[in-house]
Chemist: 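First, the structure itself, so that you have it in front of you.
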Amino acid sequence: MTPPERPELPKTYDPAEVEPRLYARWLESGVFHDEPDPARPPFIISMPPPNITGRAHIGHGSTYTPQDVLTRYHRMLGQNADWLPGQDHAAIATETVLVREIAKEGATRESLGRDEFLARAWRWREQYGGEINESFQRLGFGPDWDRERFTMDTGLSAAVTKVFVDLYNDGLVYRGTRLVNWDPEAQSTLSDAEVEDEESDTFLWHIRYLAENGGDGLVIATTRPETYLADVAVAVHPDDERYRHLIGKNVVLPIIGRAIPVIADDSVEPAFGTGAVKVTPAHDATDYEIGQRHHLPMPTVIDYDGRVAAPIWRYDETPERRAPIDAQAEKMHAYAGFDRFEARKRIVDDLRVTGSLVEEKPYRTTLPLSSRTRAVIEPLLSLQWFVKMQPLAQPAIEAYRAGAPRFVPERFGRTYAAGLEQIRDWNISRQVWWGHQLPVWYTPNDDVVVAHDEAEAKRIARERYGSDELRRDPDTLDTWFSSGLWPFSILGWPERTPELDHWYPNQVMVTSRDIIFLWVSRMVMLGLRFVGKIPFETVFITPLVFDLHGRKMSKSLGNAIDPMVDLVPKYGADGTRFSFLRQMRLESQELRFDERYCDEAKRFATKLWNALRYTCALPEGLPGAAVLPPREKLTVADKWILTELRACAETVTHAYDGFAFGVAADALLQFGWYTFCDWYVEATKAEGQQETRGAVLSFVLNTFVRAMHPIAPFVTEEIWQTLPHDGATIVTASWPDLAEIPSFAEDAAVFGAVIEKVEQLRNARSEWAIAPKDWMRVEVPASLSAERGIVESIATLARAHVSTYDGGDGSVRDRILAVRAVADSAKLRERYTREIARLESEVARSEKKLANESFVAKASPDVVAAERAKLEEYRRELARNRTALDGLAD
RNA sequence: GGGCGGCUAGCUCAGUGGGAGAGCGCUACAUUGACACUGUAGAGGUCAGAAGUUCAAUCCUUCUGCCGCCCACCA
């Protein structure tokens, strides 16, 4: 029979050609879109909105790929699955980049003006937002693009305003002067989470403050001598004998001569430094707390530019408390106007000259750096807007104790809970322009009006203050304020939409551990308060990506991998995705990215592609989709591969259900490459396989690529489309149904014995230096020829000429293991002798174990039974080898 | 100072209370009805160290040592 004409399939699989073509088709057919459908269980993931400051980076690979996998998997399960995409305006991050950009034209934010600057920001968003989406599409991510949102969309902005106004009316948003993190370069406050610690070499300066009454006073130790200008006290531990006599007395600041009290405070560690701490409440968090406890004045001496200034006062400081420090202002002017680090040098020099500097000890400390600009953060007192967190955190803590949300891995829940328990008020006002402007207006008398819009603000102002003359607060909100609303704002909240009804709460949130507290906890708190439910059932935490040596990837270290440049073009999106998932292990919190996995994955795709070519080129052709031959026609090899396929599908299903993506990828690779290609495909080349192999190959490949599709969407689609199939695209094909994959434990074990024997024969071939092209000779027990397909399989797989010998009884397995290679007797003698020695030692080990009374008595019965079975097997094997050895001609 | 994770072959990592595994790299051979982006075979490990629990520990417990991360007010 002439095989039907088939188009020639290319020899290698080319992701660069296939991937864009298939993605375009998916987009066109709208497979990623769904509508809320109460008839199907929802499976919803809100995509953590990427910043608009660049394209996809390595972190997106590890965090977003699992989201795509989960969504595709649940869609194939027939659920109402939707992955909701969007982007974050990333207030400070974007503004910082933008300011640098316009600086190249010699412009500044102020020279452009607010309107023009914001117009530029929107243009930036258009351009780079599009770039991110392109990267995501190249990676094969399939979110519901029709539902894309941006944190500054009209709807989302309305949600932001409503939340701010409601929280204000409930007394949870307030304005106050507090110590905040000031970034002198970005010219804005930062949240605690945007501050990073970095080790740095400096000095611990020991400075003597003389007693006011002329005594020696004491020596303080500080890393920030320049702030001594704003010292208001020296603190010592109440139990510290060295300083007890000074408590309540005054000491005098060198050079400027101002007297300040010595106070006792438990927070002072007597063993550190000199045990005496200068207290500068306006420039240090600890000092601020001491200042509050002791009701100390809080003068500021470093201004918003990071320069020393004559004292700036907290707006609410009384004139009486200002007086003693104002009197010193003139002497302080010697340092005024200098940058804080320059002022430090001058002050240390002057202290040395005047003999006040006692010691200068090299010291390693941690500097707070802005994660945006890398500038050293200046803690300073400032009038800002805050959210009172305690009342928001409490319900979240209680929910967590009741088990929601569930964290995977579980231990990250403790990180989350610990964060909630020690939560501090959240500074939400930023001095950048790009963001949601505070819905706050002030009257000429600085009365505060909070309203949804200007009209409402004016109305309130007229009612309350008799005039509607208002100026709007220029500040904007912390970017996390809007992203904290993400899972419900994108579903249309505060409107009650079908999406909100059926898709909230989401099923899973996937993110990395560095933003558990920064983002996850805020979504929970705000979701609980405004929608009444925690926004997601499960939080899956992905590992952070490091380089091969465990270092963080960074451009400055030169070890950063850009997936869009370094991976996708070389290995394809499938290879890149597969490698990320392969390296993800549930309990691991770090992923040392190893490009070798990408290479392996790419070769895997080619391997599968060639298995497809083989299948499609069978001379007898292929039957229709998913039609298996009747069971009685299946060969042992067929039954074995179907059994293995089912085990693989089962493993992969469980793995996806449990977020164990590495396990799923391992199982797919193992089955696809080794089990299927190396053994089954080879086995179909044997005599006797022709009748069933087309159907089985087609069925197995079809089922297998569906199980692999969520991980490697492109190559699986391409293979599926080439095979006989039902339906338009694998994206909406059904997940492999275990019940439809037959399993044959006994026959599969028989083929297992074939594999075992073939490996032994190949090993012998190698030892005897029989070239692979040459056929070796084996003898099989005559009775084995009656078993359909066994001898032919062995002959093909071992590449051997077969003859028979009399004898061989027992099970099929025993007879398979009794197959023997033919070689000259010296070689065989050597081989049998070695094998006998090995088996003897195994038998001895096993016998010794079973002779151990406590083992037999105490080990579980099935373990003992298994050991006995093993021993029996060894003995039979040993006997076979001895017989073979005895039978050798001398 | 607390907490967490890791330590298994040269490299990157799986894994299991009962005979140590994969990929890459290395060695040898090979162009076999798809695949050299391939196949076959091989070398390579006191499973970080010590103690304990157990009939049995690479796996469980404790301690120690490194490596990394997170949190915290040591100026």
Side-chain angles (χ1 to χ4, degrees), chain A residues 9 11-13 204 220-224 227 235 267-269 271-280 284-290 363 365-366 409 411-412 414-415 418-419 422 513-514 516-517 543-544 546 548-552 571 575 582-583 585 587-597 599-600 602-619 662-663 666 669-670 673-674 677-678 681-682 684-685 759 762-767 769-775 796 799 841-842 845-846 849 852-860 863-864 866-867 870 874:
Chain A
L9 298 173
K11 207 165 168 181
T12 54
Y13 171 76
L204 194 58
I220 58 95
T222 182
T223 53
R224 299 207 57 193
T227 62
S267 67
V268 178
E269 178 59 56
F272 185 87
T274 60
V277 189
K278 64 194 270 310
V279 179
T280 324
D284 182 275
T286 312
D287 293 7
Y288 179 73
E289 283 168 24
I290 295 175
Y363 183 66
T365 188
T366 51
R411 65 193 144 85
F412 290 112
R414 295 194 287 277
T415 306
Q422 53 184 37
R513 70 189 137 94
D514 50 342
I516 288 176
F517 185 60
L544 295 175
F546 297 86
L548 274 183
H549 307 99
R551 295 173 308 179
K552 222 169 185 162
Y571 309 106
R582 189 94 201 291
Q583 296 177 75
R585 296 295 154 175
E587 290 303 321
S588 174
Q589 56 189 18
E590 105 179 14
L591 187 166
R592 296 191 178 188
F593 191 82
D594 190 340
E595 212 172 313
R596 286 175 298 189
Y597 286 107
D599 189 55
E600 183 187 37
K602 188 194 172 215
R603 289 185 291 113
F604 181 34
T606 304
K607 187 78 183 169
L608 291 175
W609 180 252
N610 277 290
L612 172 78
R613 290 180 66 221
Y614 171 79
T615 302
C616 291
L618 289 175
V663 171
D666 280 353
L669 186 77
Q670 181 68 35
W673 202 321
Y674 303 99
C677 289
D678 287 350
V681 170
E682 288 310 313
T684 63
K685 296 171 184 173
E759 279 176 339
R762 283 173 178 170
N763 173 275
R765 167 198 280 279
S766 167
E767 275 177 23
I770 300 173
K773 67 179 173 202
D774 293 330
W775 289 68
T796 301
R799 206 173 164 70
S841 84
E842 292 291 359
R845 187 192 56 75
S846 190
K849 197 166 189 177
N852 182 343
E853 281 171 29
S854 28
F855 170 70
V856 179
K858 294 186 182 174
S860 79
V863 168
V864 177
E867 191 62 36
K870 242 164 24 180
Y874 288 138

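Quick note on labels: first sequence line is chain A, next is B, and so on, each numbered from 1.
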Chemist: Find the distance A/Lys858:NZ to B/U54:C1' and express it as a whole number of Å.
Modeler: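 Value for this atom pair: 8 Å.
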Chemist: Kindly say if A/Lys11 contacts the phosphate of B/U38, meaning a side-chain N or O under 4.0 Å from OP1 or OP2.
Modeler: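 Checking B/U38 against A/Lys11, no side-chain N or O comes under 4.0 Å of OP1 or OP2.
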Chemist: Categorize A/Glu767 for me: base, sugar-phosphate, or nothing, with a 4.0 angstrom heavy-atom threshold over every strand shown.
Modeler: nothing
Chemist: For side chain to side chain contact (heavy atoms under 4.5 Å, CB included), just list the numbers for A/Arg582 and A/Leu669, CA-CA rounded to whole Å, side-chain angles, deciding distance to a tenth of an Å, and then say yes or no.
Modeler: CA-CA 9 Å; A/Arg582 189 94 201 291; A/Leu669 186 77; 3.7 Å; yes
Chemist: Report the nucleotide, chosen from B/C55, B/G10, B/A34, that has the shortest atom-to-atom distance to any side-chain atom of A/Ala611.
Modeler: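 Comparing B/C55, B/G10, B/A34 against the side chain of A/Ala611, the answer is B/A34.
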Chemist: Check whether any side-chain nitrogen or oxygen of A/Tyr674 sits under 4.0 Å from OP1 or OP2 of B/G23, and answer yes or no.
Modeler: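 Answer yes for this pair, as a side-chain N or O of A/Tyr674 is under 4.0 Å from OP1 or OP2.
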Chemist: Could you tell me the separation between the CZ atom of A/Arg765 and the C1' atom of B/C29, rounded to a whole number of Å?
Modeler: 11 Å
Chemist: Check this for me: does any side-chain nitrogen of one of A/Glu587 and A/Arg411 sit under 4.0 Å from a carboxylate oxygen of the other?
Modeler: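 A salt bridge is present here (some side-chain N lies under 4.0 Å from a carboxylate O).
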Chemist: Check whether the side chain of A/Arg585 and the base of B/C13 form a donor-acceptor pair under 3.5 Å.
Modeler: no
Chemist: Look at the side chain of A/Asp678 and decide which nucleotide, out of B/C69, B/G33, B/G39, has an atom nearest to it.
Modeler: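 Closest of the options to the side chain of A/Asp678: B/G39.
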Chemist: In plain terms, say whether A/Arg603 and A/Glu600 are close enough for a salt bridge, that is, a side-chain N and a carboxylate O under 4.0 Å apart.
Modeler: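 No salt bridge links A/Arg603 with A/Glu600.
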Chemist: Give me the ring orientation class for A/Tyr363 and A/Phe272: parallel if the planes are under 30° apart, tilted from 30 to 60°, perpendicular past 60°.
Modeler: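 The arrangement is perpendicular - the two ring planes meet at more than 60°.
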Chemist: What does the 5'-to-3' dot-bracket notation of RNA chain B look like when only Watson-Crick and G-U wobble pairs under 3.5 Å count, and pairs to other strands show as |?
Modeler: (((((((..((((....[..)))).(((((.......))))).....(((((..]....))))))))))))....
Chemist: Does A/Lys849 make a cation-pi contact with A/Phe855 (under 6.0 Å, within 45 degrees of the axis)?
Modeler: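 Yes - A/Lys849 lies over the ring of A/Phe855, closer than 6.0 Å to its centre and within 45° of its axis.
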Chemist: Can you tell if the side chain of A/Tyr614 reaches within under 4.5 Å of the side chain of A/Lys685, non-hydrogen atoms only?
Modeler: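 A side-chain contact under 4.5 Å exists here.
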Chemist: Looking at the base of B/A34, is there any donor atom on it, or on the side chain of A/Glu682, that sits under 3.5 Å from an acceptor on the other one?
Modeler: yes
Chemist: Tell me: OH of A/Tyr597 to C1' of B/C13, nearest whole Å?
Modeler: 4 Å
Chemist: Is the distance from OP1 or OP2 of B/C37 to the nearest side-chain N or O of A/Trp673 less than 4.0 Å?
Modeler: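 No.
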Chemist: Please classify the nucleic acid contact of A/Ala221 as base, sugar-phosphate, or nothing, using heavy-atom distances under 4.0 Å.
Modeler: base
Chemist: Quick check for you: among B/G10, B/A75, B/A34, whose closest atom lies nearest to any side-chain atom of A/Val277?
Modeler: B/A75
Chemist: State which of B/C11, B/G33, B/A41 makes the closest approach to the side chain of A/Ser766.
Modeler: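 So the side chain of A/Ser766 is nearest to B/A41.
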Chemist: Regarding A/Thr222, tell me which of base, sugar-phosphate or nothing describes its non-hydrogen contacts under 4.0 Å with the strands shown.
Modeler: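 A/Thr222: backbone/sugar contact only, no base atoms under 4.0 Å.
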Chemist: Among B/C37, B/A75, B/G10, which nucleotide sits nearest the side chain of A/Glu269?
Modeler: B/A75
Chemist: What is the nucleic acid contact for A/Arg592, judged by heavy atoms within less than 4.0 Å: base, sugar-phosphate only, or nothing?
Modeler: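 Since only primed, P, OP1 and OP2 atoms lie under 4.0 Å of A/Arg592, the category is sugar-phosphate.
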Chemist: Is A/Arg603 close enough to B/U38 that one of its side-chain N or O atoms is under 4.0 Å from OP1 or OP2 there?
Modeler: yes
Chemist: For a quick test of reading the model: is some side-chain N or O of A/Thr286 closer than 4.0 Å to OP1 or OP2 of B/C74?
Modeler: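 False: A/Thr286 side-chain N/O out of range (4.0 Å or more) of B/C74 OP1/OP2.
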Chemist: Just call it for A/Glu289: base, sugar-phosphate, or nothing, with non-hydrogen atoms closer than 4.0 Å on any strand.
Modeler: nothing
Chemist: Output the rounded distance in Å from NZ (A/Lys870) to C1' (B/G18).
Modeler: 6 Å
Chemist: Using a cut-off of strictly less than 4.0 Å, decide whether A/Asn763 has a side-chain nitrogen or oxygen near OP1 or OP2 of B/G42.
Modeler: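 Answer is yes, contact under 4.0 Å.
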Chemist: Answer yes when A/Arg762 and A/Glu759 have at least one side-chain N-carboxylate O distance shorter than 4.0 Å, and no when they do not.
Modeler: no
Chemist: Has the side chain of A/Lys607 got a donor or acceptor atom sitting under 3.5 Å from an opposite partner on the base of B/C35?
Modeler: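 Pair found.
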Chemist: Using whole Å, report how far CZ of A/Arg762 lies from P of B/G42.
Modeler: 11 Å
Chemist: To the nearest angstrom, how far is A/Asp594 atom CG from B/G10 atom C1'?
Modeler: 14 Å
Chemist: For A/Arg845 and A/Glu842, run salt bridge (charged side-chain N to carboxylate O under 4.0 Å, His left out): C-alpha distance rounded to whole Å, both residues' side-chain angles, the deciding distance at 0.1 Å, then the answer.
Modeler: CA-CA 5 Å; A/Arg845 187 192 56 75; A/Glu842 292 291 359; 3.4 Å; yes
Chemist: Using whole Å, what does the distance between atom C1' of nucleotide B/G17 and atom CG of A/Asn852 come to?
Modeler: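 To the nearest whole Å, that distance equals 15 Å.
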Chemist: Report the residues that fulfil side chain to side chain contact (heavy atoms under 4.5 Å, CB included) with A/Ser588, sequence neighbours left out, ordered by chain and then residue number.
Modeler: A/Arg585
Chemist: Roughly, in whole Å, what's the span from CG in A/Asp284 to C1' in B/A72?
Modeler: 14 Å
